[in-house]
Colleague: 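Here it is, the structure in full.
Please read all numbers here as calculations on a predicted model, not as lab measurements. First the proteins, then the strands, lettered A, B, ... as listed; each starts at 1.
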Amino acid sequence: MPELPEVETTARFLSERVCGALIDGVSVHWPRSVVCPAPQQFERLICGLRIEAVGRRGKFLVLTLSSCAEERGPCYLLIHLRMSGSIDVVRPSVPRSKHDQVVLRLESGKELRFHDPRKFGRVYFVEDVQQVVGKLGPEPLDPAFTSGTLSLLLKSSRRAVKSALLDQSTIAGIGNIYADEALWRARLHPLAITNRISSAKISVLHSSIRRTLREAILRQGTDNGDGVVEFGSYRPRVYGRAGKRCGRCSSVIKRIVVAQRGTSFCPRCQRLPLSARR
DNA sequence: CAAACTCCCTGTTAGC
DNA sequence: TGCTAACAGGGAGTTT
């Protein structure tokens, strides 16, 4: 599933291919993929706009669109890939998949296709990005995100640390894969209670989150052999490896459920300290 | 305030 | 072999 590193990879891929492109046709094949405005409006409003930039905020792709006539400010096309979404940029002659939910035809002769077999992904067209991403927490790779920032966030509530990492209003962009990976790297148990984690351990968690995300971006995301979304070559240390051995201590990796999500961790590397139990 | 649950979806897989 | 049912999973919304 696309999380921050996969979305970043997709944003870079898109940026190279569609920056400057004029959109001259839009079709929505699965109306519920489009949150706002209504699909007909969506098609009408986007047609004729130019893609100025492609970026990312949390797990959202952010395309800045502008009108050629310049009579109004920029607008934004946001795409959340959720579970199974992906983006293709192909020639129109490439046969369209039945899972291509939204297609933008570009003047350059290419098509930008939002492909999403499970239909959980969402597209937004807005004038104000904050309308969509306003509630997101800080970007973990932003220099402004320090150990102190993380400390304030974790100490302000009492909950399982994994649940806090998954909460997009706490930190943006971390999902099930990188939450498990960062906790493993930090040698922190997923059920450790946030406001009882020492500052020293929070500092380790902070650098673990950043190292894990940076490493995954360098590798262009996780190689999830899932077949649904093919990304890069990041190999998870614990995620999806329950029953296999920990690469650090060779204990058998355990699987539990935290915040309704499957959670893998090493029971030996990631001990739950007495002081951090509920 | 936080946690738990429900819903949206379909490809994959386990069970029969 | 072929069928069905269970399951996974991000996040918004609702209930506890």
Colleague: Keeping the roles fixed (side chain from A/Gln220, backbone from A/Thr9), state whether a donor-acceptor pair exists under 3.5 Å.
Modeller: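 Between the backbone of A/Thr9 and the side chain of A/Gln220 there is no qualifying donor-acceptor contact (under 3.5 Å).
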Colleague: Write down the distance between CG (A/Asp116) and P (C/dG9), rounded to a whole number of angstrom.
Modeller: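 Going from A/Asp116 (CG) to C/dG9 (P), I get 16 Å.
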Colleague: So does A/Arg261 get a side-chain nitrogen or oxygen closer than 4.0 Å to the phosphate oxygens (OP1/OP2) of C/dG10?
Modeller: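 True: A/Arg261 side-chain N/O within range (under 4.0 Å) of C/dG10 OP1/OP2.
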Colleague: By nearest heavy atom, map A/Val132 and A/Phe120 onto DNA chain C; which one lands nearer the 5' end?
Modeller: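 First, find each residue's nearest nucleotide; the 5'-ward one identifies A/Phe120.
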Colleague: Looking only at side-chain N and O atoms, does A/Arg159 come under 4.0 Å of OP1 or OP2 in B/dA3?
Modeller: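 Yes, A/Arg159 has a side-chain N/O under 4.0 Å of OP1/OP2 on B/dA3.
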Colleague: In terms of side-chain heavy atoms of A/Met83, which of B/dA4, C/dG10, C/dA8 is nearest?
Modeller: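 So the side chain of A/Met83 is nearest to C/dG10.
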Colleague: Using whole Å, report how far CD of A/Gln260 lies from C1' of C/dG9.
Modeller: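 Taking atom C1' of C/dG9 as the reference, CD of A/Gln260 is at 11 Å.
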Colleague: Would you say the ring centers of A/His206 and A/Phe145 fall short of 6.0 Å from each other?
Modeller: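 Yes, the ring of A/His206 comes within the 6.0 Å limit of the ring of A/Phe145, centre to centre.
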Colleague: Less than 4.0 Å between a side-chain N and a carboxylate O, is that true for A/Glu181 and A/Arg185?
Modeller: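 Looking at A/Glu181 together with A/Arg185, the answer is no, because their closest N to O distance does not fall below 4.0 Å.
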Colleague: Just the rounded figure in Å: distance from P of B/dA4 to CG of A/Asp167.
Modeller: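 Rounded to whole Å, this separation is 14 Å.
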Colleague: Taking any heavy-atom pair under 4.0 Å as a contact, classify A/Arg122: base, sugar-phosphate, or nothing.
Modeller: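 No contact.
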Colleague: Would A/Arg17 pass as a cation-pi partner of A/Phe13, given that its NZ or CZ must be under 6.0 Å from the six-membered ring centre and within 45 degrees of the axis?
Modeller: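 Flagged: A/Arg17 positioned over aromatic ring of A/Phe13.
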Colleague: Find the distance A/Ile174:CD1 to C/dG9:C1' and express it as a whole number of Å.
Modeller: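 For the pair A/Ile174 CD1 and C/dG9 C1', the rounded distance is 17 Å.
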Colleague: May I ask you to evaluate whether A/Tyr239 reaches the phosphate of C/dG9, defined as a side-chain N or O under 4.0 Å from OP1 or OP2?
Modeller: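 A/Tyr239 to C/dG9 OP1/OP2: side-chain N or O found under 4.0 Å.
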Colleague: Between A/Trp30 and A/Ser156, which residue's closest nucleotide on DNA chain B lies nearer the 5′ terminus?
Modeller: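 Its nearest nucleotide being more 5', the pick is A/Ser156.
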Colleague: Among B/dT10, C/dG10, B/dC8, find the nucleotide with the atom closest to the side chain of A/Arg32.
Modeller: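 Of the candidates, B/dC8 comes closest.
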Colleague: What is the distance, rounded to the nearest whole Å, between atom CG of A/Leu4 and atom P of C/dG11?
Modeller: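 So the CG-P distance, A/Leu4 to C/dG11, works out to 11 Å.
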Colleague: Is A/His80 close enough to C/dA12 that one of its side-chain N or O atoms is under 4.0 Å from OP1 or OP2 there?
Modeller: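 So the side chain of A/His80 is outside the cut-off, no N or O lying under 4.0 Å from OP1 or OP2 of C/dA12.
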Colleague: Check this one for me: any side-chain N or O of A/Arg255 less than 4.0 Å away from OP1 or OP2 of C/dA8?
Modeller: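 Answer yes for this pair, as a side-chain N or O of A/Arg255 is under 4.0 Å from OP1 or OP2.
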Colleague: Considering just the side-chain nitrogens and oxygens of A/Lys59, establish if one lies under 4.0 Å of OP1 or OP2 belonging to C/dG11.
Modeller: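 True: A/Lys59 side-chain N/O within range (under 4.0 Å) of C/dG11 OP1/OP2.
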Colleague: Take atom OH of A/Tyr178 and atom P of C/dG10, then tell me their distance rounded to the nearest Å.
Modeller: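 Rounded to whole Å, this separation is 12 Å.
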Colleague: Rounded to whole angstrom units, what separation is found between the CG atom of A/Leu136 and the P atom of C/dG10?
Modeller: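 Roughly 15 Å, once rounded to whole Å.
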Colleague: What about the rings of A/Tyr234 and A/Tyr239, do their centers lie closer together than 6.0 Å?
Modeller: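 No, the ring centres sit 6.0 Å or more apart.
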Colleague: Have a look at A/Gln168 and say if it touches a base, only the backbone sugar-phosphate, or nothing, with a 4.0 Å heavy-atom cut-off.
Modeller: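 Result for A/Gln168 = sugar-phosphate.
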Colleague: Distance check needed: B/dC7 C1' versus A/Lys119 NZ, whole Å only.
Modeller: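 It works out to 16 Å between those atoms.
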